[in-house]
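Reviewing the structure listed below.
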Amino acid sequence: MKLRKRIAQFIMTLGVFVLGLGSVSGVSRAVTQTETPNYPIAKTATDNGDGTYGINFKLPEDGTVQKVKIDIVFAVDTTTIKNYANVKAQLEAFTTELNSNPNIEAKIGIVTIQRDATDKLNGLVPLNDDSLATINKGFAASYTAGSNLHGGLLKSQKLLDSDTEVEADHKYLIVASDMAGWLVDNGSGTGSSIAYRDGQYIGNAVSTGNQDFFGRYYKNPLENITVADIDNLVNNMTMFNGQTPAGDYVKYMQQYGTSIGEYPYNWLKYGSLFHPTWTDEEKATMPPSFAFVNSPQFPPYFEKSMYLSGRLFKDMKAAGYNISELTTPYQAGDPTYANLHNTNQRFQEWLEQNIGKRFDSTRNESMTEILADLKAKIYYQVGKGQIT
């Protein structure tokens with residue numbers, strides 16, 4: 001009987017101890033040991049009167065603050081931002097404030113998305129007093145038509161992957177774009193958009209029916225495309241016409257490089273066709289024939305862009321990176337682009353449901369809101385009270 005009583009008392013004591021741990025308070029900064037493994041931390045317990053105990057830690061005055069290491073990559077589509085001067089000023093104010101916080105050790109990367117994707121700082125740059133002006137200068141960009149979203153994401157992923165000293169959940173990607181990429185990238189940052197047929201020359205828009213990045217859908221507008229359709233495209237390579245590419249069409253869907261686009265730079269010059277000389281490497285990435293291009297299995301670039309970009313977003317999320325998007329509608333209000341606009345909206349919604357928090361200009365959200373959210377996440381990492 002005595003043994004049972006002692007066991008019961010032990011279980012009750014253990015339960016109170018566990019409950020007490022569940023109500024920890026007073027931890028406000030991270031510290032690290034300086035001289036001895038027996039670093040003195042005073043602890044007191046307070047009876048909360050409800051069966052739980054609050055445990056308070058008093059940190060020594062000579063404790064040192066443990067800096068939080070973070071990486072931030074800004075991928076900015078300058079072709080979709082109306083008031084880029086204002087956005088640039090907001091980004092500069094953000095990095096300036098971040099630099100003033102002694103508890104944060106940050107590296108910054110900047111990728112601009114236009115016809116070509118550009119790593120403006122040539123890698124991640126440590127944020128400090130000496131580099132601040134250079135980093136802020138990297139936000140400057142001139143407007144150039146064309147959205148190489150795929151290339152921008154490739155460069156962003158490369159930057160985040162490059163830093164092995166920072167934990168994945170301390171890496172942040174901010175993408176500001178309408179997400180309607182219409183150029184494909186071979187990894188160099190150069191956007192390509194080429195309509196090639198018959199293995200000899202560039203086919204014109206009328207004969208191929210693939211003159212915009214809707215490809216065959218130019219004359220057969222898409223209707224009622226859903227987020228589920230986008231998900232099926234990204235995860236299963238099922239195109240909007242219900243076709244799943246096979247054989248060489250799979251290779252063309254997955255390969256980086258050339259594709260059908262709405263304004264192929266390489267086949268229009270001053271309004272007339274011209275016939276450039278292609279290398280064997282370039283020819284290997286092009287549609288081999290007119291019949292190939294017009295097959296139901298041939299992926300127009302609009303779908304190829306969503307597929308490749310969606311896969312990159314998924315890969316970065318799976319790596320543990322924090323991704324947020326600031327989106328704007330594509331060609332809203334223009335009936336010519338209504339089918340593209342509506343389907344592209346579904347892609348933005350897919351990102352919000354599957355990749356990361358989305359801010360949208362149609363909800364009166366701007367760079368101000370997404371930067372405030374980013375700052376809150378970073379400051380949480382600084383002040384969450386991890387003791388090491």
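In this structure, V166 is not a member of the same hydrophobic cluster as L124, with clusters built from ILVMFWY side-chain heavy atoms closer than 4.5 Å.
Between the side chain of N344 and the backbone N or O of D178 there is at least one donor-acceptor pair closer than 3.5 Å. Q157 places no side-chain N or O within 3.5 Å of a backbone atom of M316 that could act as its donor or acceptor partner. In this structure, N99 contributes its side chain and T96 its backbone to no donor-acceptor pair below 3.5 Å.
Within the 4.5 Å cutoff, the side chain of T343 has heavy atoms near those of the F240 side chain. Within the 4.5 Å cutoff, the side chain of Q353 has heavy atoms near those of the V227 side chain. For the pair F74/I108, a side-chain contact is recorded, criterion being any heavy-atom separation below 4.5 Å from C-beta on. Considering only heavy atoms from C-beta on, F139 stays 4.5 Å or farther from T112 through its side chain. Side-chain contact check for I174 versus F359: every heavy-atom pair is 4.5 Å or farther apart. For the pair V76/I110, no side-chain contact is recorded, criterion being any heavy-atom separation below 4.5 Å from C-beta on. The side-chain heavy atoms of M253 and L233, taken from C-beta on, include a pair separated by under 4.5 Å. Side-chain contact between D161 and Y321: present, with at least one pair of heavy atoms (C-beta onward) separated by less than 4.5 Å.
Side-chain contact, S131 with N128: a donor N or O sits under 3.5 Å from an acceptor N or O. Inspection of the T244 and N236 side chains reveals no N or O donor paired with an N or O acceptor under 3.5 Å.
The pair D163-K107 meets the salt-bridge criterion, with a side-chain N (NZ, NE, NH1 or NH2) lying under 4.0 Å from an Asp/Glu carboxylate O. A salt bridge is absent between K357 and E365: the closest approach of a Lys/Arg side-chain nitrogen to an acidic carboxylate oxygen does not fall below 4.0 angstrom.
In this structure, K304 is positioned above the aromatic face of Y252, its NZ or CZ under 6.0 Å from the six-membered ring centre and within 45° of the axis.
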Do V68 and N103 pass the side-chain contact (heavy atoms from CB on, under 4.5 Å) test, and can you show the C-alpha distance, the side-chain angles, and the key distance before you say yes or no? CA-CA 6 Å; V68 173; N103 300 334; over 6 Å; no
I'd like to know whether K88 forms a side-chain contact (heavy atoms from CB on, under 4.5 Å) with E92, so could you lay out the CA-CA distance, the side-chain angles of the two residues, the decisive distance to 0.1 Å, and finally the verdict. CA-CA 6 Å; K88 180 178 182 294; E92 290 178 352; 2.3 Å; yes
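Across all non-hydrogen atoms, the minimal contact from A168 to A319 is CB-O, 3.2 Å. Residues S156 and V111 come closest through the heavy atom pair OG-CG2, 3.9 Å. Taking both residues in full, the closest heavy atoms of V234 and G310 are given as CG1-C, 3.8 Å, listed atom of the first, atom of the second, then distance. Of all the heavy atoms in A106 and L98, the pair that sits closest is CB-CD2, 4.0 Å. Of all heavy-atom pairs between N224 and D229, the closest is O-OD2, 3.9 Å. Summarising the geometry of S324 relative to I370, their closest heavy-atom pair is CB-CD1, 3.9 Å, with the distance given to 0.1 Å.
For the atom pair CG (L153) and CD1 (I113), the distance works out to 6.0 Å, reported to the nearest 0.5 Å. Put simply, CD1 on I378 and CD1 on I104 are 6.0 Å apart, with the number rounded to the nearest 0.5 Å. Here M179 contributes atom CE and F313 contributes atom CZ; the two are 4.5 Å apart, rounded to the nearest 0.5 Å. Within the model, atoms CG of L154 and CG of D119 stand 12.5 Å from one another, a figure rounded to the nearest 0.5 Å. From N148, atom CG reaches atom CD of Q114 across 10.0 Å, with rounding to the nearest 0.5 Å. Taken from CG in L312 to NZ in K155, the straight-line distance is 13.0 Å, to the nearest 0.5 Å.
Of the options K69, H170, E167, a side chain to side chain donor-acceptor pair (under 3.5 Å) to Q381 is made by H170 and by none of the others. Looking at Q254, E303, K251, M239 one by one, the single match for side-chain contact (heavy atoms from CB on, under 4.5 Å) with P245 turns out to be M239. Among T328, D77, T78, T327, the one residue that satisfies the side chain to side chain donor-acceptor pair (under 3.5 Å) test with S177 is D77.
For NZ of K158, the number of neighbouring non-hydrogen atoms (other residues, nucleotides, ligands) closer than 6.0 Å is 12 at most.
Sorted by first then second residue, the side-chain hydrogen bond (donor to acceptor under 3.5 Å, both in side chains) pairs that include residues 306-320, not counting sequence neighbours, are N235-K314.
For S361, the side chain to side chain donor-acceptor pair (under 3.5 Å) test picks out no residue, with sequence neighbours left out. Not a single salt bridge (Lys or Arg N to Asp or Glu O under 4.0 Å) links E369 to another residue, sequence neighbours left out. Partners of E325 under the salt bridge (Lys or Arg N to Asp or Glu O under 4.0 Å) rule, at least two apart in sequence or in another chain, do not exist in this structure. For D360, the salt bridge (Lys or Arg N to Asp or Glu O under 4.0 Å) partners two or more places apart in sequence, or in a different chain, are R358. Remark: F94 engages no residue in a ring pair (Phe, Tyr, Trp, His ring centres under 6.0 Å) (not counting sequence neighbours).
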